[in-house]
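Notes to accompany the following structure.
Sequence lines set the chain letters: A, B, ... in the order given, protein chains first and strands last, and positions in each chain run from 1.
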Number of protein chains: 2
Amino acid sequence: MTERETGGRRGVVPQGAGLPGLTPLLYAATARLDAHFAASAAATGLTSAQANAVYELAEPAGMRELGRRMCCEPPNVTFVVDRLEERGLVRRAPLPGDRRAKQVLLTEEGHAVRAALLERLAVEPPLRGLSDADRRTLRTLLARALDADGGPAEAAYAVTSDARQPE
Amino acid sequence: MTERETGGRRGVVPQGAGLPGLTPLLYAATARLDAHFAASAAATGLTSAQANAVYELAEPAGMRELGRRMCCEPPNVTFVVDRLEERGLVRRAPLPGDRRAKQVLLTEEGHAVRAALLERLAVEPPLRGLSDADRRTLRTLLARALDADGGPAEAAYAVTSDARQPE
DNA sequence: CTGTAATCATTCGGGCTCGCACGATAGGGT
DNA sequence: ACCCTATCGTGCGAGCCCGAATGATTACAG
């Protein structure tokens with residue numbers, strides 16, 4: 001499977017901007033998350049982007065809504081869903097109420113692949129070297145850094161409570 | 001300049017993997033860093049990748065070495081340097097000792113653009129909402145999480161001491 | 001009921017990133 | 001000298017990602 005390692009990921013390793021050493025550590029941490037996700041995706045025969053879509057399709061969604069869940073723009077959703085549809089993991093159904101919209105939903109095989117993905121995601125998850133107390137501290141610090149600075153904490157990266165347990 | 005907002009960035013917003021809420025916060029934090037860098041790049045007429053190259057070219061480097069600094073693979077360096085060379089910000093000189101290698105160095109205009117970039121990077125840097133103590137704690141926690149888990153701290157994202165002050 | 005504005009998905013063009021496969025050169029061993 | 005291997009940069013193909021523009025449809029105003 002050649003471990004495709006994420007496709008078009010982070011293109012930037014910016015400056016310190018007055019934070020000696022902090023920036024690289026943050027990038028290293030997210031790189032770990034990306035690597036784990038990409039490896040899990042590859043293990044189930046998907047690219048990261050495709051896995052992201054499959055992961056978010058527990059419930060069906062329109063293209064727009066799926067884009068929101070995946071944190072990317074509509075044209076990209078069209079692209080990824082095209083690939084998944086070719087593979088038969090997903091299909092586009094017309095939405096009864098609205099003839100513009102299309103509803104994307106997993107096929108039977110898609111659900112199977114999603115289950116395999118979730119299973120693989122659960123093994124050896126990254127950032128296990130932290131105690132619960134450390135995790136809490138880390139969360140607090142990151143939240144503080146974010147909303148003291150730009151917007152109200154995240155906004156862009158939908159934290160939406162903690163509704164992101166491994167399911 | 002349309003605020004190109006980074007080009008081919010993060011394509012993945014992975015799972016919680018047992019860390020309720022931590023993962024999204026990490027992604028949100030690096031998203032801030034990316035946004036700040038991309039905005040600074042755009043302000044100086046560059047894309048993020050191009051700015052990354054210019055930033056790393058304080059000292060000349062071969063393509064390979066530049067790739068290491070930019071944290072990307074050689075074909076990508078070729079691509080980015082091509083664009084920069086077309087713009088006249090960079091030139092490829094033959095390396096005296098080795099006829100395979102090429103040395104990439106900033107032109108005069110390249111140095112000017114780099115100076116402008118550094119200047120722009122210094123205004124309103126992200127993650128300012130943290131005290132020095134918080135910063136230290138955050139650094140400690142991230143380092144611990146990283147080397148308890150995968151490799152020896154970073155390795156991939158070259159922290160190389162703290163030699164990354166705004167210069 | 002008709003015209004205008006908003007929304008949906010897509011297409012198009014362009015930039016970023018990688019793996020693989022070259023051709024060219026360098027270096028080590030024989 | 002000679003070959004065998006490693007390294008350097010690059011071309012190619014493919015995938016990811018976005019902003020702008022487009023055609024279809026819906027929603028709203030008058």
Exercise for review: Could you pull out the closest heavy-atom pair between B:G67 and B:V77, with the gap in Å?
Suggested key: CA-CG2, 3.4 Å
Check your understanding: Tell me, do B:T107 and B:V90 make a side-chain contact under 4.5 Å, heavy atoms counted?
Key -> no
Review point. How would you label the contact of B:R64 with the nucleic acid (heavy atoms, under 4.0 Å): base, sugar-phosphate, or nothing?
Key: base
Do any side-chain nitrogens or oxygens of [X] fall under 4.0 Å of OP1 or OP2 in [N]?
X     : N      : answer
A:R99 : D:dT26 : yes
B:N76 : C:dC18 : yes
B:T47 : C:dC16 : yes

Check your understanding: Got a donor-acceptor pair under 3.5 Å from the side chain of B:R83 to the base of C:dG15?
Key -> no
Check your understanding: Side chain of A:R100, base of C:dT7: donor and acceptor closer than 3.5 Å?
Key -> yes
Roughly, in whole Å, what's the span from [atom1] in [X] to [atom2] in [N]?
X     : N      : atom1 : atom2 : value
B:Q50 : C:dT17 : CD    : P     : 10 Å
B:M63 : C:dA24 : CE    : P     : 18 Å
B:E73 : C:dT17 : CD    : P     : 11 Å
B:L66 : D:dG9  : CG    : P     : 10 Å
A:F79 : C:dG15 : CZ    : P     : 17 Å
A:M70 : D:dC18 : CE    : C1'   : 13 Å
B:D82 : C:dG14 : CG    : C1'   : 15 Å
A:L46 : D:dA14 : CG    : P     : 19 Å

Review point. Toward the 5' end of DNA chain D, which comes first, B:D98 or A:P74, by nearest nucleotide?
Key: B:D98
Point to revise | Main-chain N/O of A:K102 paired with A:R92 side-chain donor or acceptor, under 3.5 Å | key: no
Exercise for review: Could you tell me the separation between the CG atom of A:L130 and the CG atom of B:L22, rounded to the nearest 0.5 Å?
Suggested key: 7.5 Å
Point to revise | Candidate nucleotides D:dT26, C:dG15, D:dA20, ranked by approach to the side chain of A:P75 - the nearest | key: D:dA20
Review point. Which nucleotide sits closest to the side chain of A:R92: C:dA9, C:dC18, D:dT25?
Key: C:dA9
Check your understanding: If you pin A:Q103 and B:G97 to their nearest nucleotides in DNA chain C, which one's is more 5'?
Key -> A:Q103
Review point. Would one find more than 12 heavy atoms of other residues, nucleotides or ligands at under 6.0 Å from atom CZ of A:R91?
Key: no
